[in-house]
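Below is one structure, written out as structure tokens, with a few remarks after it.
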Amino acid sequence: MVPKKAFLCIAMISSWLAIGCAALVVGAGAGAGAYTYVNGELGRTYPAPYSRTMEACTQLLGDLGMPILSQTSEGAQAIIETRRKDGTPMTLTIKIVGLDLTEVSVRTGVVGYWNRDLSTQFQEFLARRLNVQD
């Protein structure tokens, strides 16, 4: 039995290394405070339709004084690039997950220096805007 367990551990570690950076999941359940953090993007799924989530994101950016520098749509997702008042770049990726489920990923900062705290703050503001309880 020991060799089988060792093989399983080696296989799992190898797959993690092959995939790259593993996601750090904090919390549990979609829309209930669950975050994923992969390659500098802090993602969260909200129990809200895409149109409502997009509207909340653009209104929140306006309220925070963050101009939309570019906005593109690629199939079932939109990408918004903006800049914080201090000049820090921020990218939002809004994806349709289901009829009433939308994932929002926030990347704040530049390559090699992602600011997770600022991304978390934006997600918290968005959750309040969408009336989502943690």
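Computed from a predicted structure; not experimentally measured.
- Here the CZ atom belonging to R44 is positioned 12.5 Å from the CZ atom belonging to F122, to the nearest 0.5 angstrom.
- With sequence neighbours excluded, the residues satisfying salt bridge (Lys or Arg N to Asp or Glu O under 4.0 Å) with D63 are R129.
- T58 contributes atom OG1, which lies 12.5 Å from atom CE of M66 (distance to the nearest 0.5 angstrom).
- Linking ILVMFWY side-chain heavy atoms closer than 4.5 Å, directly or via other members, places I79 and L126 in two distinct hydrophobic clusters.
- When hydrophobic residues (I, L, V, M, F, W, Y) are linked wherever their side-chain heavy atoms come within less than 4.5 Å, the members clustered with V110 are Y113.
- In this structure E103 satisfies the salt bridge (Lys or Arg N to Asp or Glu O under 4.0 Å) test with no other residue, sequence neighbours excluded.
- Residues L64 and L130 share a hydrophobic cluster, clusters being chains of Ile/Leu/Val/Met/Phe/Trp/Tyr side chains in contact below 4.5 Å.
- Checked against side chain to side chain donor-acceptor pair (under 3.5 Å), D86 has the following partners two or more places apart in sequence or in another chain: T88.
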Enumerate, atom names and distances included, each donor-acceptor pair closer than 3.5 Å involving a side-chain atom of residues 89-101, sequence neighbours excluded.
none

Tell me, with the steps shown, if M54 and T102 meet side chain to side chain contact (heavy atoms under 4.5 Å, CB included).
CA-CA 9 Å; M54 272 295 290; T102 306; over 6 Å; no

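- At a threshold of 4.5 Å between side-chain heavy atoms, the hydrophobic network of Ile, Leu, Val, Met, Phe, Trp and Tyr places L61 and F125 in one connected group.
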Please tabulate, for side-chain N and O atoms in residues 69-77, each donor-acceptor pair with protein atoms closer than 3.5 Å (sequence neighbours left out).
residue	atom	partner	partner atom	Å
E74	OE1	Q77	NE2	3.4

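- For residues 106-115, every residue pair satisfying the salt bridge (charged side-chain N to carboxylate O under 4.0 Å, His left out) rule, not counting sequence neighbours, is listed here: E41-R107.
- Qualifying side-chain contact (heavy atoms from CB on, under 4.5 Å) partners for S119, counting only residues two or more places apart in sequence or in other chains: L42, V106, T108.
- Taken from CZ in R116 to CD in Q121, the straight-line distance is 14.0 Å, to the nearest 0.5 Å.
- Between G87 and R83, the shortest heavy-atom contact is O-NH1, 2.7 Å.
- Going from atom SG of C57 over to atom OH of Y46 covers 7.5 Å, rounded to the nearest 0.5 Å.
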